[in-house]
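Below are the structure tokens for one structure; questions will follow.
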Protein chains: 4
Amino acid sequence: MFFEIRKSDSMSRRDRERLFKRNEILNASLRIFAEKGFKQTTLDEIAEVSEYGKGTIYNYFSNKEEIYTAIMEEVSFIFSSRIKEIYSENLSVFDFLTNLTKMFFEFYETNQPVFLLMVRIRTDFIESDALNKSELFRCNHTETLGLYREVLQNGIDSGEIKPIDIDNFITFYRGALFHFISHSKHNGNKNSIEENTNFIINIVFNGIFNQ
Amino acid sequence: MFFEIRKSDSMSRRDRERLFKRNEILNASLRIFAEKGFKQTTLDEIAEVSEYGKGTIYNYFSNKEEIYTAIMEEVSFIFSSRIKEIYSENLSVFDFLTNLTKMFFEFYETNQPVFLLMVRIRTDFIESDALNKSELFRCNHTETLGLYREVLQNGIDSGEIKPIDIDNFITFYRGALFHFISHSKHNGNKNSIEENTNFIINIVFNGIFNQ
Amino acid sequence: MFFEIRKSDSMSRRDRERLFKRNEILNASLRIFAEKGFKQTTLDEIAEVSEYGKGTIYNYFSNKEEIYTAIMEEVSFIFSSRIKEIYSENLSVFDFLTNLTKMFFEFYETNQPVFLLMVRIRTDFIESDALNKSELFRCNHTETLGLYREVLQNGIDSGEIKPIDIDNFITFYRGALFHFISHSKHNGNKNSIEENTNFIINIVFNGIFNQ
Amino acid sequence: MFFEIRKSDSMSRRDRERLFKRNEILNASLRIFAEKGFKQTTLDEIAEVSEYGKGTIYNYFSNKEEIYTAIMEEVSFIFSSRIKEIYSENLSVFDFLTNLTKMFFEFYETNQPVFLLMVRIRTDFIESDALNKSELFRCNHTETLGLYREVLQNGIDSGEIKPIDIDNFITFYRGALFHFISHSKHNGNKNSIEENTNFIINIVFNGIFNQ
DNA sequence: CATGAATGAGAATTCATTCAT
DNA sequence: CATGAATGAATTCTCATTCAT
């Protein structure tokens with residue numbers, strides 16, 4: 001499960017239970033949102049999958065959008081954290097992107113719905129404008145971009161990579177990667193994470209020209 | 001406008017008018033579908049934007065899904081045609097992908113909603129299963145893939161490009177390109193079509209490594 | 001066809017044509033009303049079956065209800081006439097009802113939709129209150145009842161039949177007959193008109209008791 | 001009211017309440033269906049008469065047809081049960097039909113809408129094909145017919161009644177009876193149940209011939 | 001007159017949210 | 001808190017009727 005209690009020490013039993021149930025609802029919702037999108041997902045379904053009453057859900061979230069936002073914030077937080085971790089290792093652009101790519105593939109492997117949901121947000125950003133309202137979400141996004149930029153700028157400065165337009169490259173790379181991952185299963189891709197990672201990294205760093 | 005009367009010669013005035021109005025409805029729907037997606041789009045809105053009564057819409061299409069399908073079939077047909085044209089010039093992989101990339105950028109420039117809608121389908125394929133039912137749509141898709149494959153295989157055989165996994169490359173390339181284009185405006189990309197095309201082609205063919 | 005031009009002599013060509021077309025519409029409507037009832041029948045269907053444009057129909061009738069009323073008035077008129085004919089022969093109750101019964105069976109044979117429609121009215125009398133407004137319809141009904149009553153009263157007076165409650169008998173007899181005829185096909189009844197007539201007349205006049 | 005809770009012992013309060021409300025909806029619908037027929041009846045009206053919100057109705061039935069089917073199944077079940085009871089007394093044809101006739105008159109007296117609805121089904125069988133789908137309904141019908149047949153066959157074998165065509169007689173008798181009852185009020189029939197029963201039974205068993 | 005396109009009032013159905021228990 | 005019944009606003013779709021050509 002994606003939503004799990006992590007720092008339960010400092011909480012009262014009541015608070016822990018509350019958080020636990022809240023997470024159960026989020027996990028159920030996550031799966032359905034990922035599969036169907038925001039509008040398509042009904043509260044009846046969330047209630048059924050989460051095995052709580054429909055009314056109960058409203059004790060934890062004040063409306064459907066809030067559930068979606070909570071998920072997206074957590075998702076963006078997790079991704080942001082993972083990226084930060086990799087960033088903190090002070091790697092070359094090549095190693096940074098290799099690790100990043102591997103991390104996304106692994107994430108897909110273990111948390112497919114979360115990943116698909118993230119991809120979906122990038123298209124659906126209009127379906128629910130909750131995200132635009134979410135300070136946290138935008139903040140994570142901006143912060144992450146900053147890390148990417150820094151690594152790439154260093155790579156350019158050190159001569160590791162060509163002096164490309166950084167922001168465009170980020171758009172390009174993330175689009176390619178997320179799309180590739182989310183369509184890989186559908187397209188019958190049977191390669192291992194390493195093979196897929198190498199495939200992408202190879203293209204991006206060396207190109208497909210022979211020589 | 002995307003839907004326009006092309007071969008009106010052989011039609012009666014009545015038929016031409018009917019087609020014209022049908023196209024008006026399609027053009028209006030297209031914009032809204034592109035912006036909001038299938039489920040989000042209401043018939044009231046289509047009626048309002050197309051400036052017809054709600055009932056009138058149903059004189060041209062038997063339900064909402066049929067409008068969506070009609071659009072998608074036309075969109076897929078147009079893209080398929082453009083790709084075929086480029087393919088028929090018997091170009092090298094480099095020139096093929098360069099022209100293709102330019103074509104997609106140009107398409108975005110002149111028919112932004114159509115392009116966005118196409119991108120949306122790739123995520124939304126669940127929202128409406130109309131597409132799965134559309135023989136024409138699937139057919140265009142398969143045919144297009146065949147062209148890609150042939151060009152790439154020739155490129156590999158002739159030694160122009162490395163012996164990459166063709167299907168994975170197609171997934172990668174299309175994902176990258178479509179995502180890049182659809183996010184370029186949102187990301188403040190001010191480059192010309194040529195600049196953007198070169199940017200992408202350069203990465204894909206030469207990589208970002210410095211030498 | 002049920003609606004046919006009968007007295008066309010005194011009419012101008014224009015009037016004859018008008019009447020002819022009006023009848024075509026009525027004949028088409030009749031079939032559909034008989035099969036589906038008033039509400040279920042759409043003007044689109046009437047237009048299609050009658051092979052006239054929807055608008056044309058409104059040149060002959062000012063609304064759907066008027067078509068229905070026109071049919072009902074004609075139907076009630078025809079039945080009323082047939083009953084009058086039989087009545088005018090001054091028959092015994094036995095012969096009167098025998099002829100009447102035979103007539104209804106024959107009518108069903110040649111004009112099944114008309115007959116079914118008539119039966120339907122007896123249940124549907126609420127669906128369209130047109131009938132309540134139709135003076136002619138009520139008039140035919142009353143007149144017919146009068147004939148029945150007279151024949152039966154004469155039969156009672158002459159000692160042919162028992163002194164039964166006349167109005168109740170009429171209700172009973174008509175209900176039985178109409179229901180029997182309209183369900184006969186559905187129930188797999190393969191008897192000839194004579195056999196069916198005898199069957200009913202026999203029960204009504206002699207009863208089913210053995211002796 | 002027609003729908004009432006009968007075996008509430010084994011149910012929880014919640015289930016009892018749910019059943020109670022479901023019955024309220026059915027009773028309201030029954031009246032309207034009887035008066036107007038299936039198509040004519042709107043959910044707005046059912047909601048209004050049953051004094052529930054329109055949405056509430058959908059918590060108990062998944063669509064309008066299901067309400068109609070539920071009613072028809074119950075109606076057919078009740079009638080079937082009553083007929084079985086009378087059948088189980090092993091009566092002569094005369095007593096069987098007398099009791100049956102009385103039962104139908106009594107039923108009309110206490111549950112007029114239910115009776116009218118039943119009569120309506122016999123004409124409307126096309127309006128909603130729900131009935132064709134209802135196994136239970138067809139089953140009750142077939143079973144009931146079987147009882148009629150058995151009683152009549154015994155009557156023929158024992159010499160009580162003439163050797164008539166049984167199926168045709170059933171069609172005749174039921175048509176006559178149902179029509180008579182449903183039109184009696186409308187026709188100003190003021191007789192008691194006994195008088196009406198005797199009237200019909202007398203005709204059917206002894207005929208109207210004077211000796 | 002003939003036509004069929006245009007229309008909107010009306011009907012069924014869905015679903016987020018409220019609320020009494 | 002937990003629950004699910006109640007609700008009505010919103011949505012899709014139908015169809016009698018009008019009207020311009």
Side-chain angles (χ1 to χ4, degrees), chain A residues 14 17-18 21 25 38-48 50-67, chain B residues 13-15 17-18 20-22 25 39-47 50-67, chain C residues 14 17-18 21 25 38-48 50-67, chain D residues 13-15 17-18 20-22 25 39-47 50-67:
Chain A
R14 163 156 287 171
E17 275 179 17
R18 222 185 128 71
K21 288 174 188 169
I25 295 167
F38 180 74
K39 192 70 192 279
Q40 238 59 354
T41 299
T42 68
L43 263 156
D44 275 296
E45 213 171 347
I46 293 178
E48 196 191 315
S50 68
E51 298 182 297
Y52 285 100
K54 218 186 332 178
T56 309
I57 293 171
Y58 279 85
N59 286 332
Y60 292 87
F61 303 93
S62 56
N63 54 42
K64 189 177 152 186
E65 202 155 288
E66 201 174 295
I67 305 177
Chain B
R13 189 178 59 78
R14 167 153 281 167
D15 281 353
E17 276 180 17
R18 236 190 113 71
F20 176 75
K21 288 171 188 169
R22 191 186 130 104
I25 294 168
K39 198 69 192 286
Q40 244 42 9
T41 300
T42 70
L43 261 152
D44 276 299
E45 211 171 350
I46 293 178
S50 67
E51 296 184 296
Y52 285 101
K54 214 187 330 180
T56 309
I57 312 285
Y58 282 89
N59 288 335
Y60 291 88
F61 303 94
S62 54
N63 53 44
K64 190 175 147 188
E65 199 154 293
E66 200 174 296
I67 305 177
Chain C
R14 163 154 289 173
E17 278 180 14
R18 225 187 124 70
K21 288 176 188 169
I25 295 168
F38 179 74
K39 192 70 191 283
Q40 238 59 354
T41 299
T42 69
L43 263 157
D44 277 294
E45 211 170 349
I46 293 178
E48 196 191 314
S50 68
E51 296 183 298
Y52 284 100
K54 219 187 329 180
T56 308
I57 293 172
Y58 279 86
N59 286 331
Y60 292 89
F61 303 93
S62 56
N63 54 43
K64 189 176 151 187
E65 201 154 289
E66 200 173 295
I67 306 177
Chain D
R13 189 177 60 78
R14 168 154 278 165
D15 281 352
E17 275 180 20
R18 238 189 113 72
F20 176 75
K21 288 170 189 171
R22 193 185 129 104
I25 295 168
K39 198 69 192 284
Q40 244 44 7
T41 299
T42 69
L43 261 151
D44 275 298
E45 212 170 348
I46 293 178
S50 66
E51 295 184 297
Y52 285 100
K54 215 190 326 181
T56 309
I57 313 284
Y58 281 89
N59 287 335
Y60 290 88
F61 303 93
S62 55
N63 53 44
K64 191 174 145 187
E65 200 154 292
E66 201 174 296
I67 305 177

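Because the structure is predicted, anything quoted here is derived from the model rather than measured. Lettering follows sequence order; numbering is per chain, from 1.
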Under 4.0 angstrom, heavy atoms only, what part of the nucleic acid is C:R14 near: base, sugar-phosphate, or nothing? nothing
To the nearest 0.5 Å, atom CD of D:Q40 lies from atom NZ of C:K39 at 4.5 Å
Practice prompt. Please check if atom CD in D:E66 has more than 12 non-hydrogen atoms from other residues, nucleotides or ligands closer than 6.0 Å.
Written response: yes
Scan A:F61 against the nucleic acid and name what it touches under 4.0 Å (heavy atoms): base, sugar-phosphate only, or nothing. nothing
Rounded to whole Å, the NZ-P distance (D:K54 to E:dA12) equals 8 Å
Side chain to side chain contact (heavy atoms under 4.5 Å, CB included) between D:N59 and D:Y52: does it pass, once the steps are laid out? CA-CA 11 Å; D:N59 287 335; D:Y52 285 100; over 6 Å; no
Q.
Taking 4.0 Å as the cut-off, does a side-chain nitrogen or oxygen of D:Y58 come that near to OP1 or OP2 on E:dT13?
A. yes
Taken to the nearest whole Å, CG/D:N59 to C1'/E:dA16 is 13 Å
> NA contact type, B:T42, heavy-atom cut-off 4.0 Å: base, sugar-phosphate, or nothing?
Replying inline: sugar-phosphate
From CD of B:E51 across to C1' of E:dG8 the rounded distance in Å is 17 Å
So A:I67 and A:Y60, do their side chains get closer than 4.5 Å, heavy atoms only? no
Quick one: label D:R13 by what it contacts on the DNA or RNA (base, sugar-phosphate, nothing), any heavy atom closer than 4.0 Å. sugar-phosphate
Quick one: label B:D44 by what it contacts on the DNA or RNA (base, sugar-phosphate, nothing), any heavy atom closer than 4.0 Å. base
Heavy-atom nearest nucleotide on DNA chain F taken for D:Y52 and for A:Y60; more 5' hit belongs to A:Y60
Whole-Å distance, D:E65 CD to E:dA11 C1', equals 15 Å
Interatomic distance, NZ@B:K54 vs OG1@B:T42, rounded to 0.5 Å, equals 8.5 Å
The first and last nucleotides of DNA chain F lying within contact of chain C, meaning any atom under 4.0 Å from one of its heavy atoms, run from F:dC15 to F:dT18
From CD1 of A:I57 across to C1' of E:dC15 the rounded distance in Å is 13 Å
_Within the 4.0 Å heavy-atom criterion, would you say A:S62 contacts the bases, only the backbone, or no part of the nucleic acid?_
nothing
D:L43 CG to E:dC15 P, in whole Å, measures 16 Å
So CZ of B:R22 and CZ of B:F61: to nearest 0.5 Å the spacing works out to 4.0 Å
Nearest-nucleotide check on DNA chain E, A:G55 vs B:T56; residue mapping nearer the 5' end is B:T56
Has the side chain of B:S50 got a donor or acceptor atom that lies under 3.5 Å from a matching backbone atom of B:I46?
-> yes
Taking pairs as Watson-Crick (N1-N3 plus N6-O4 or O6-N4) or G-U wobble (N1-O2 and O6-N3), each distance under 3.5 Å, the stems of three or more consecutive pairs with DNA chain F are E:2-21 with F:2-21
Separation between CZ (A:R18) and CZ (A:R14), nearest 0.5 Å, reads 9.5 Å
Q. Is the NZ or CZ atom of C:K64 both under 6.0 Å from the centre of the six-membered ring of C:F38 and within 45° of that ring's axis?
A. yes
One should read off an interatomic distance between C:N63 CG and C:I57 CD1, to the nearest 0.5 angstrom, of 12.0 Å
